[in-house]
**Q** 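Below is a structure I'd like to ask you about.
Hydrogens, waters and symmetry mates are skipped; everything else that's a heavy atom, side chains included, is used. So you know, we letter chains A, B, ... as the sequences are listed, proteins then strands, and number each from 1.
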Amino acid sequence: MSTVKATRPLDPSPRLRRRIKPVKIASFTALLVTTFLMLLPLFFMVSTSLKSKREMLKFPPTFLPESWALRNYVDIFETLQFGTLYKNSLIIAGFSVFGTLLSSALVAYGFARYRGRGNNFWFILLLSTMMLPYPAIMIPQFVLFSKMQWIDTFLPLIVPAFFGSAYNIFLLRQFFSTLPEELFDAGRIDGCGELRMWRTIALPLSAPALATVAIFAFIYSWNDLLTPVLYLSSSDKFTLPVGMASLTSSRFRIPPWHLLMVASVLAMVPIVTLFAIAQKQFVEGIVLTGIK
Amino acid sequence: MSVIKSESRRQTFYMYLFISPWLVGFLIFALYPILSSLYYSFTDYDIIHPPRFIGLANYTEMFHNELFWRSVKVTLRYTFISVPVQLLLGLGFALLLHQTIPWRGFFRTAMYFPSMVSGVAMSLLWYWIFNPQIGLFNYMLSWFGIHGPAWLMNPDTALYALIIMSLWTAGSGMILFLAGLQGVPASLIEAANLDGAGRFRIFLNITLPMISPVLLFQLIMGLIDSFQVFTQAFVMTQGGPNYSTWFYVYNLYTSAFKEYRAGYSSALAWVLLIVVMLFTAVIMRLSRRYVHYEGGSSR
């Protein structure tokens, strides 16, 4: 994974530069130590996932596996129905990302481009829903979805995404507001319809912001535990977090440590891949939309 | 005149057209649930049978319920330690990285990396790290001659173990602070520097006020997130040992979906909602004097 390049360091003036040395050395050392501490759990996560059951129970933990138990990565598919879990999570996350992007981009465009009556009122209402804790509304939602016979289907995990999410709408609206008016005037003169301007002018210019929203939506759906725990009851519909959470349940006398780590590594793969592909856009998106 | 009028009408029409998905969603997935959970909170309701009105009984029960108070204490203690320390660490990392220093890109990526492991994967990893027999944490403590406690298995340390774990993702705050720091005009800093202000003064009088909106945003979102801790309790401790990690939302989830007391849980939900709104309002109010918005107007 290449490194992130976003912020431009301040060019220190000559006065500062003269006495900067010790500060720099101290900073560098502090960074080195914290980075080491931050990365150590990750290192052990990968190395432990490759250790045999017996080696896992050794103390102190070995840094590198004595014999590489690549088998663990096969075992997880048999013990946990890992393939099914993975597939379910990918399907749900895929639809959620698509739904969030589509709806949030439409709504954000409406807020950013049209100074219609009530714009401020609705926008403030939108912002205040960011504070709304999901647990505060989950019981009536559960009742609603069970009346619609949606229990034990993916629908309660997907459909709400198609109605926009406050945080992502906010982020995209900030971005759309920075697009120059002239572009849209030109579009209008060319006889472009409103929806077409959204699709052909606004969206293509907003790649960084859209990538950021896509990543947020993916991570949110991929990691969500509470919602699938509520709605999914048959094991062939479980998502990855639900299946993984069962690894610490009391049905194992000794937790299958090696499988815990394999599952964690594999759960991380799509997120890391996504970041690796979109990180330039992601960082740019965060900087440009400016959380202010 | 009529041209202006029709233009504003056109703007209003398209605005509502574009925001209609959210408007519909707001009504169905936010407003309706909020109002009906308010109603449920005054009823005896098990989701299967129709709700039966019982007045304030759920609320009075709550105030005499030991587990409720336990969950409040656990959640507040977690929040008041974890959120400020996370903010300080995030800001600290960002300041360290906001200078010309070798390996900047590497450090930034490395520190953000743990934030990608969040959720159940992170809980499983730290479940192992905190294991007193084979885990990494006590092994590292042993380098310094410390014999570590049983962490998640000890009621005195379990909550602190979860707090330590939460600091691991301070990198996600760092990214936002870095973006904020980038918005601080270099010209301001140079001017202060010419006037003879030291590093610390520059930070206190220029940098900090300029990034205060980012700080405020993260403080509020951090509080709201940490009031809703669920995954860690569900995966790592099941609220234990001896209810030492009995978080508020875990309590709410248990009484709604294990004990089928949806009425009582709705009362819990409303208390959570009110507490979140109160905290946000108080912070916004207190911050008005300190938070700087470009253009000078403090909203």
**Q** Within the side chain of Gln232(B), is there an N or O that forms a donor-acceptor pair under 3.5 Å with the backbone of Ser123(B)?
**A**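 The answer is no, because no donor-acceptor pair under 3.5 Å joins these two groups.
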
**Q** Give the member of Pro133(A), Ala267(A), Pro241(A), Ser103(A) that has the highest number of heavy-atom pairs under 4.5 Å with chain B.
**A**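 Option with the greatest count: Pro133(A).
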
**Q** Between Tyr112(B), Trp270(B), Trp126(B), Tyr32(B), which shows the greatest number of heavy-atom pairs under 4.5 Å with chain A?
**A**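 The residue among Tyr112(B), Trp270(B), Trp126(B), Tyr32(B) with the greatest pair count is Tyr112(B).
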
**Q** Contact part of Phe13(B) toward chain A, heavy-atom cut-off under 4.5 Å: side chain, backbone, both or neither?
**A**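 Looking at Phe13(B), nothing touches chain A.
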
**Q** So which of Met268(A), Glu194(A), Met261(A) has the biggest tally of heavy-atom pairs under 4.5 Å with chain B?
**A**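 If we count pairs closer than 4.5 Å to chain B, Glu194(A) comes out on top.
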
**Q** Only pairs of heavy atoms separated by less than 4.5 Å count here; which of Phe234(B), Trp128(B), Phe230(B), Tyr45(B) has the most with chain A?
**A**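 Of the candidates given, the most pairs with chain A belong to Trp128(B).
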
**Q** Which residue out of Leu125(A), Leu102(A), Leu144(A) racks up the most heavy-atom pairs below 4.5 Å with chain B?
**A**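 Ranked by heavy-atom pairs under 4.5 Å with chain B, first place is Leu125(A).
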
**Q** Relative to the ring of Tyr14(B), is the ring of Phe18(B) parallel (under 30°), tilted (30 to 60°) or perpendicular (over 60°)?
**A**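 Aromatic pair Phe18(B)/Tyr14(B) classed tilted.
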
**Q** Could you tell me the separation between the CG atom of Leu95(B) and the CG atom of Leu181(B), rounded to the nearest 0.5 Å?
**A**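 The distance works out to 5.5 Å.
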
**Q** Any chance CZ of Arg54(A) has more than 12 other-residue heavy atoms, nucleotides or ligands included, within less than 6.0 Å?
**A**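 No, the 6.0 Å shell around CZ holds no more than 12 heavy atoms from other groups.
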
**Q** Check whether the side chains of Ser165(A) and Asn168(A) place a donor and an acceptor atom closer than 3.5 Å, and report yes or no.
**A**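 The criterion, which ignores hydrogens and geometry beyond distance, is satisfied for Asn168(A) and Ser165(A).
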
**Q** Shorter than 4.5 Å, heavy atoms on both sides: which option in Leu268(B), Ile28(B), Leu124(B) has the most such pairs with chain A?
**A**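 The candidate making the most pairs under 4.5 Å is Leu124(B).
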
**Q** Non-hydrogen atoms of chain A under 4.5 Å away: do they reach the side chain of Phe26(B), the backbone, both or neither?
**A**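 It is the side chain, since no backbone atom gets that close.
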
**Q** Any side-chain to backbone donor/acceptor pair from Lys24(A) onto Thr100(B)? Under 3.5 Å, distance only.
**A**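 Yes, because the side chain of Lys24(A) sits within donor-acceptor range (under 3.5 Å) of the backbone of Thr100(B).
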
**Q** If you round to the nearest 0.5 Å, how far is OG1 of Thr227(A) from CD of Gln141(A)?
**A**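 Result: 8.5 Å between the selected atoms.
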
**Q** Which answer fits Ser27(A), side chain, backbone, both or neither, if we ask what part of it has an atom under 4.5 Å from a heavy atom of chain B?
**A**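 Both the backbone and the side chain of Ser27(A) come within 4.5 Å of chain B.
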
**Q** Measuring from Asp224(A):CG to Ser89(A):OG, what's the distance to the nearest 0.5 Å?
**A**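 Separation between the atoms: 9.5 Å.
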
**Q** Measuring heavy-atom distances to chain A, does Gln133(B) have an atom under 4.5 Å in its side chain, in its backbone, in both, or in neither?
**A**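 The backbone, not the side chain.
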
**Q** Relative to chain A, which segment of Met140(B) carries a heavy atom at a distance below 4.5 Å: side chain, backbone, both, or neither?
**A**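 The side chain, not the backbone.
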
**Q** Given the rule in the ring pair (Phe, Tyr, Trp, His ring centres under 6.0 Å) test, do Phe111(A) and Phe176(A) qualify, once you have shown the distances and angles that lead to the verdict?
**A** CA-CA 9 Å; Phe111(A) 276 121; Phe176(A) 287 150; over 10 Å; no

**Q** Please look at Phe29(B) and chain A and tell me whether the side chain, the backbone, both or neither of the residue comes under 4.5 angstrom of a heavy atom of that chain.
**A**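 For Phe29(B), backbone and side chain are both near chain A.
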
**Q** Which bit of Val117(B) is near chain A, if near means a heavy-atom gap under 4.5 Å: side chain, backbone, both or neither?
**A**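 Interface part for Val117(B): both.
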
**Q** Please classify the contact between Val229(A) and chain B as side chain, backbone, both or neither, with a heavy-atom cut-off of under 4.5 Å.
**A**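 For Val229(A), side-chain heavy atoms alone lie under 4.5 Å from chain B.
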
**Q** Quick check for you: among Leu274(A), Leu126(A), Leu39(A), Val265(A), which has the greatest number of heavy-atom pairs under 4.5 Å with chain B?
**A**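 The answer is Leu126(A).
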
**Q** Evaluate the ring planes of Phe130(B) and Phe137(B), with Trp represented by its six-membered ring, and classify them as parallel (under 30°), tilted (30 to 60°) or perpendicular (over 60°).
**A**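 Because their plane-to-plane angle lies in the 30° to 60° range, the rings of Phe130(B) and Phe137(B) count as tilted.
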
**Q** Check whether Leu266(A) gets within reach of chain B through its side chain, its backbone, both or neither, counting any heavy atom under 4.5 Å.
**A**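 It is neither, since no heavy atom gets under 4.5 Å.
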
**Q** Go through the atoms of Met221(B) and report whether side chain, backbone, both or neither lie under 4.5 Å from a heavy atom of chain A.
**A**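 The answer is the side chain of Met221(B).
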
**Q** With only heavy atoms counted, which part of Asn131(B) is less than 4.5 Å from chain A, the side chain, the backbone, both or neither?
**A**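 Side chain of Asn131(B) only, per the 4.5 Å heavy-atom cut-off to chain A.
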
**Q** Are the aromatic rings of Phe142(A) and Phe257(B) close, with centres under 6.0 Å apart?
**A**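 Centroid separation for Phe142(A) and Phe257(B): below 6.0 Å.
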
**Q** May I ask you to decide if the ring planes of Tyr231(A) and Phe145(A) are parallel, tilted or perpendicular, using 30° and 60° as cut-offs?
**A**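 Perpendicular, since the angle between the ring planes exceeds 60°.
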
**Q** Is the Trp122(A) ring parallel, tilted or perpendicular to the Trp22(B) ring (thresholds 30°, 60°)?
**A**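 Taking Trp22(B) first and then Trp122(A), their aromatic rings stand perpendicular (interplane angle over 60°).
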
**Q** Against chain A, label Leu96(B) side chain, backbone, both or neither, depending on which of its atoms sit under 4.5 Å from a heavy atom there.
**A**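 Interface part for Leu96(B): both.
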
**Q** What part of Leu89(B) gets closer than 4.5 Å to chain A, counting heavy atoms only: side chain, backbone, both or neither?
**A**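 Neither part.
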
**Q** Most heavy-atom pairs under 4.5 angstrom with chain A, which of Leu125(B), Leu216(B), Ile34(B), Val249(B)?
**A**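 Looking at each option in turn, the highest pair count goes to Leu125(B).
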
**Q** Based on non-hydrogen pairs under 4.5 Å, which of Leu240(A), Val159(A), Ile271(A) is most in contact with chain B?
**A**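 Of the candidates given, the most pairs with chain B belong to Ile271(A).
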
**Q** Using non-hydrogen atoms and a 4.5 Å limit, figure out which bit of Ala256(B) sits close to chain A: side chain, backbone, both or neither.
**A**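 For Ala256(B), side-chain heavy atoms alone lie under 4.5 Å from chain A.
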
**Q** For each of Ala121(B), Gly25(B), Ala170(B), Ser37(B), tally heavy-atom pairs with chain A at distances under 4.5 Å, and name the one with the top tally.
**A**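 Among Ala121(B), Gly25(B), Ala170(B), Ser37(B), the one with the most close pairs to chain A is Ala121(B).
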
**Q** Of the backbone (N, CA, C, O) and the side chain (C-beta and beyond), which part of Tyr40(B) lies under 4.5 Å from a heavy atom of chain A, both, or neither?
**A**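 Answer is side chain: those atoms of Tyr40(B) sit under 4.5 Å from chain A.
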
**Q** Is there a donor-acceptor contact under 3.5 Å from the side chain of Ser115(B) to the main chain of Ser172(B)?
**A**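 It does hold such a pair.
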
**Q** For Phe227(B), which residues count as a ring pair (Phe, Tyr, Trp, His ring centres under 6.0 Å) partner, sequence neighbours excluded?
**A**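 Scan of Phe227(B) (ring pair (Phe, Tyr, Trp, His ring centres under 6.0 Å), adjacent residues dropped) gives Phe279(B).
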
**Q** In terms of heavy-atom pairs under 4.5 Å, which option from Ala136(A), Gly164(A), Ala263(A) contacts chain B the most?
**A**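 Of the candidates given, the most pairs with chain B belong to Ala136(A).
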
**Q** Applying ring pair (Phe, Tyr, Trp, His ring centres under 6.0 Å), run through Phe44(A) and Phe63(A) and close with a yes or a no.
**A** CA-CA 7 Å; Phe44(A) 270 94; Phe63(A) 271 81; 5.0 Å; yes

**Q** For chain A, which candidate among Ile101(B), Ile211(B), Ile47(B), Val276(B) shows the most heavy-atom pairs at distances under 4.5 Å?
**A**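 Greatest number of close heavy-atom pairs with chain A: Ile101(B).
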
